[in-house]
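Per chain, numbering begins at 1; letters A, B, ... match sequence-line order.
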2 protein chains.
Amino acid sequence: MLRARGKKVTPQRVLIYRALLGDRTHPTAEQLHARLKELLPGLSLTTVYTALNDLVQAGELRRFEAGDGSVHFDPEMRPHAELVCVQCGRIDDAPVEPASVRMPEEVQGYRILRRTELLHGLCPSCQADPA
Amino acid sequence: MLRARGKKVTPQRVLIYRALLGDRTHPTAEQLHARLKELLPGLSLTTVYTALNDLVQAGELRRFEAGDGSVHFDPEMRPHAELVCVQCGRIDDAPVEPASVRMPEEVQGYRILRRTELLHGLCPSCQADPA
DNA sequence: CTTGGTGCAAAGCTTTTGCATATCA
DNA sequence: TGATATGCAAAAGCTTTGCACCAAG
């Protein structure tokens with residue numbers, strides 16, 4: 001996949017790509033960097049940013065802004081909504097309602113390329129413990 | 001409304017609030033500031049930011065991130081989607097599909113407080129003129 | 001060998017904050 | 001008069017950029 005795009009396969013990228021594929025936590029660039037530099041101490045934040053941007057451009061990763069100023073990455077490319085806890089910041093994927101699945105190709109003259117749905121609320125543990 | 005919240009009525013706020021009410025362009029804080037300082041030359045960006053944040057907190061204004069890093073404000077509080085042109089940055093309001101209107105109160109244990117729907121695409125003029 | 005990547009430090013942006021002054025109630 | 005807002009400048013946070021060195025193809 002990398003080679004097909006004229007990119008090089010480096011240890012850093014392999015690590016970053018692998019980490020993301022199994023990740024359901026919607027990390028930010030910094031969160032990912034914090035975790036990965038324990039595995040590869042020299043890993044720089046710059047490299048994480050470039051790798052993430054590459055993946056987004058290649059259509060392998062979805063990038064979204066959670067609504068509180070933070071930018072998150074999600075390897076799930078099928079249509080879904082993001083559940084964002086306004087208290088603890090936790091983010092989960094939610095299946096979209098059937099009606100929302102058929103993304104319109106055109107709305108008010110706009111040609112639609114992608115859709116993002118954010119649901120802000122309180123996650124189960126923040127409801128139980130409104131610290 | 002301001003007085004009800006223990007706030008003072010200043011010329012700056014009157015100007016900012018009035019400008020927003022009739023605005024369908026989803027301006028950013030800076031765009032709004034640029035326009036308004038022609039009417040009130042001394043107006044500072046700081047004041048615009050505080051006024052906008054106040055309005056959002058008061059529930060009079062909706063704040064959303066367009067997906068490209070920019071933060072926009074929208075006086076329309078009824079449920080709707082945002083049409084974002086990925087080329088020129090123009091933003092329009094779009095009526096939501098009937099199925100999306102009934103916002104779920106609860107999804108996967110989350111208590112839902114609000115919903116944001118973004119549709120990214122190409123606006124009519126950018127389709128005609130893919131500069 | 002040649003192109004592209006990495007890591008560091010510095011630059012860039014947007015938004016917030018501290019503080020003295022001015023303004024509203 | 002007393003509380004709050006304003007405006008400036010500085011600080012803060014996140015992301016990108018410039019550059020020298022290194023590594024993959």
- Give a yes/no answer on whether the side chain of Gln12(A) brings an N or O atom under 4.0 Å of OP1 or OP2 in dA23(D). no
- Task: Side-chain contact test, heavy atoms from C-beta onward, threshold under 4.5 Å: evaluate it for His80(A) versus Asp74(A) and give yes or no.
- Result: yes
- Task: Tell me, yes or no, whether the heavy-atom count around Glu38(A) atom CD, taken from other residues, nucleotides or ligands under 6.0 Å, exceeds 12.
- Result: no
- Closest listed nucleotide, where the reference is the side chain of Val71(B) and the choices are dT15(C), dG7(D), dC8(C): dT15(C)
- Query: Are the charged groups of Arg13(B) and Asp54(B) less than 4.0 angstrom apart, N to O?
  - Reply: yes
- Whole-Å distance, Arg5(A) CZ to dG25(D) P, equals 15 Å
- Between dT4(D) (P) and Arg13(B) (CZ): distance, integer Å: 11 Å
- Note on the structure: Paired with Glu82(A), the side chain to side chain donor-acceptor pair (under 3.5 Å) test is passed by just one of Arg62(A), His26(A), His72(A), His120(A), namely His26(A)
- How many Å lie between NE2 on His33(A) and C1' on dT16(D), as a whole number? 15 Å
- Using a 4.0 Å heavy-atom cut-off across all strands, classify Gly42(A) as base, sugar-phosphate, or nothing. sugar-phosphate
- Query: To the nearest angstrom, how far is Gln31(A) atom CD from dC14(D) atom P?
  - Reply: 10 Å
- To the nearest angstrom, the CG-C1' distance between Asn53(A) and dT15(D) comes to 9 Å
- State, with a plain yes or no, whether a side-chain heavy atom of Leu45(B) is found less than 4.5 Å away from one of His33(B). yes
Nucleotide N/O to protein N/O under 3.5 Å, stretch nucleotides 22-24 of chain C:
{"residue": "dC24(C)", "atom": "O2", "partner": "Lys8(B)", "partner atom": "NZ", "Å": "2.9"}

- Item | Thr47(A) side chain, from C-beta outward: closest of dT14(C), dG7(D), dT6(C) | dT6(C)
- To the nearest angstrom, the CG-P distance between Leu32(A) and dC14(D) comes to 15 Å
- Taking the side chain from Glu76(A) and the backbone from Arg78(A), do they hold a donor-acceptor pair closer than 3.5 Å? yes
- Message: Could you tell me how far apart Leu45(B) (CG) and dC13(C) (C1') are, to the nearest whole angstrom?
- Response: 12 Å
- Message: Please report the distance, rounded to the nearest Å, between CD in Glu65(B) and C1' in dC14(D).
- Response: 12 Å
- Indicate, with yes or no, if Tyr49(A) and Leu55(A) share a hydrophobic cluster defined by side-chain heavy-atom contacts under 4.5 Å among Ile, Leu, Val, Met, Phe, Trp and Tyr. no
